[in-house]
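Report on the structure given below.
By convention in this document, chain letters (A, B, ...) are assigned in the order of the sequence lines, proteins followed by strands, and residues within each chain are numbered from 1.
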Amino acid sequence: MKNLEIADLFSKIADALDLKGGNYFKIRAYRRAARTIKDLSEDIEKIYKEGSLTNILGIGEGIAKKIKEYLETGKMSKYEKVTRDIPESLLSLLNIRDLGPKTLHILHKELGVENLDDLKKIIEEGSFSKLEGLGEKKAEKIIEGIRVYEERMGKEKRFLLGEVVPTVNEIVKKLKNIDSVTRVSPAGSVRRMKETVGDIDVLVESNRPNEVMELFTSFPEVKKVLESGETKTSVILEGLDIQMDLRVLPPESYGAALMYFTGSKDNNVRIRGLAQKKGLKVNEYGVFKNGRRIAGKTEEEIYKLLGMEFIAPELREDRGEVELALENKLPFLVKYDDIKGNLHTHTIYSDGENTIEELASHAIKFGYSYLGITDHSKAASYANGMKEDELKKQSDEIDYLNEKLENLTILKGIECDILPDGSLDFDDKILESLDFVIGAIHSGFTKNVTERMIKALENPFLKILAHPTGRLISRRVGYDVDLKSVMAKASEEDKILEINAYYDRLDLNEYNAKEANRRGIKLCINTDAHNLRMFDWMYLGVGIARRAWLPRNAIINTYDLKDLIKILKGNG
DNA sequence: GCCGTTTTCGGCCCGACTGTTTTCAGTCG
């Protein structure tokens, strides 16, 4: 897949043009194309060969031609032309906060800055502040920007969604406790449930913004205040060292502001353009007609006024959702409380921290009607995998508990290792005695993974394939696997793929989940819980499913027990 | 560079905060 390479080229073209003071809209078009291509789930080469590049929103004749050139020759003359006189070391300086294209262009032209060392030097020497329009304060801001930039080695720092949500919830709770605050909501990529986020946006409804800002900036969680005005305050938080932007707006604007600060940027641009054609103006204060506000209290009334369906935050990425909303054709998404059970959990029988009974009472607290117990099989020695006799003992315990429990059914499952030869870790006879079998690869990540998965999927008792790519977002790319072939097999054999909701896995990711659904493959959202706290991750998995536009019936653990068993037993 | 149910040309979202300024440009989201 050359998607990322190509996206990167367009992104650099945009940066280079930006630096040279090129046409704003042209730059925006390149940036948008870069983002779109980066987000594509399909191989761009395949799309090119089908001749359907220009069917993609934001890719027209010009950009399609450049993609064609790159795919056929390995070069993109436009890129080479615009970056000829701009070293890459200069372009990357655009990632420094408070140092934008205009300033960098001047520094390059007037003082010959080409890289980070040059930049540091001219600031130290004082020649920076001598330039017109630049002063000491600006220099200080850029020095701070350089510090952060170096810490991140020039890369954009992203945080795992699951990593920041507890902090967000904590701060939201505190903001709600402020007297003059009537509504609070996370916005931005946190609200859109992106698997990684760059910063935290929170929106507050209040008629006393100054009071809110003052209280907020004195929270112990706040490490440093970057800027603070009447409607917007930016800070760096303790611990995660993440930027958080707080916005405060009055009730009549809260919905408009929520919509705007939720984004995405591309979605906003599209909505505002749409409004403009209808003779309306949309900003974070409301919808205006001839200067008069006609909506803004809630997102719902704004969408309605614009003649479109409500768009769930998870869909707001400008991937065609605006067009569908106008035609009332948005998918009916799976909801967070549609989930009726967790089907991948571990107990003290293998590497979990809790007993079956403890998990069961926790599942009841979640309002679940079933719970799948799936401890590791014997090959998973690192995880204290179960031998045959332990599995039997566990089975007896589950029978006993099921007699006792009224509102929950415990299902007998196993997370069975897929061995190096693609066979499963227990005999078919044992597997047959269980309610369902999850297959998983836990060793040999680079050894014939595709073949092993395909062979395992042929086993009639394996129903669910766990964490199909094996990735850990922050730590490893995952198995060396041809997911397309695995999906083809899963579709043929009527098997289920897991969305593992553990916050560092989120595997399948949203793109793969969408592809699986397109192929008619059913999915299952599990938390892979090793303790009670890990049940909480379920909402992350549902977030992925919603971002993948999945309807409820694509997810088997939204089904009633009766229908679920039919599927797990292969009669569904 | 992209795009079109008034348009194949002429538009392209809109505002907050800061610093260096006396009215605005740059940066960010």
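Note that A/R191 lies outside the cation-pi zone of A/F261, set by a 6.0 Å cut-off to the ring centre and a 45° limit from the axis.
Pairing each heavy atom of A/M213 with each of A/E230, the nearest pair is CE-O, 3.8 Å.
At a non-hydrogen distance threshold of 4.0 Å, A/S228, A/G229, A/E230, A/T231, A/K232 from residues 228-239 of chain A come into contact with DNA chain B. A heavy atom closer than 4.0 Å to some atom of DNA chain B occurs in A/K102, A/T103, these being the qualifying members of residues 102-110 of chain A. Residues from residues 111-125 of chain A placing a heavy atom under 4.0 Å of any atom in DNA chain B do not occur.
Separating the CD atom of A/Q243 from the P atom of B/dC28 is a distance of 10 Å, rounded to the nearest angstrom.
Dashed line: the shortest gap from a side-chain N or O of A/K138 to OP1 or OP2 of B/dT27 is not under 4.0 Å. Residue A/N268 places none of its side-chain N or O atoms closer than 4.0 Å to OP1 or OP2 of B/dC13.
Within the nucleic acid shown, A/K26 comes within 4.0 Å of at least one base atom, counting heavy atoms only. Across all strands shown, A/E132 has no heavy atoms under 4.0 Å from either base or sugar-phosphate atoms. Heavy atoms of A/E140 sit nowhere under 4.0 angstrom from any nucleic acid atom. Residue contacts for A/R28: at a heavy-atom cut-off of 4.0 Å it reaches a base atom on one of the strands shown. Note on A/I27: nothing from the nucleic acid sits closer than 4.0 angstrom, heavy atoms only. Backbone-only engagement by A/I96 is indicated by non-hydrogen atom pairs under 4.0 Å involving sugar-phosphate atoms exclusively.
Which of B/dT27, B/dC13, B/dG15 sits closest to the side chain of A/K265 comes down to B/dC13.
B/dG11 and B/dT6: their C1' atoms are spaced 14 Å apart (whole Å).
The environment of A/E72 atom CD is dense: over 12 non-hydrogen atoms of other residues, nucleotides or ligands sit within 6.0 angstrom. The environment of A/R519 atom CZ is dense: over 12 non-hydrogen atoms of other residues, nucleotides or ligands sit within 6.0 angstrom.
Between the side chain of A/Y260 and the base of B/dG15 there is no donor-acceptor pair of N/O atoms closer than 3.5 Å.
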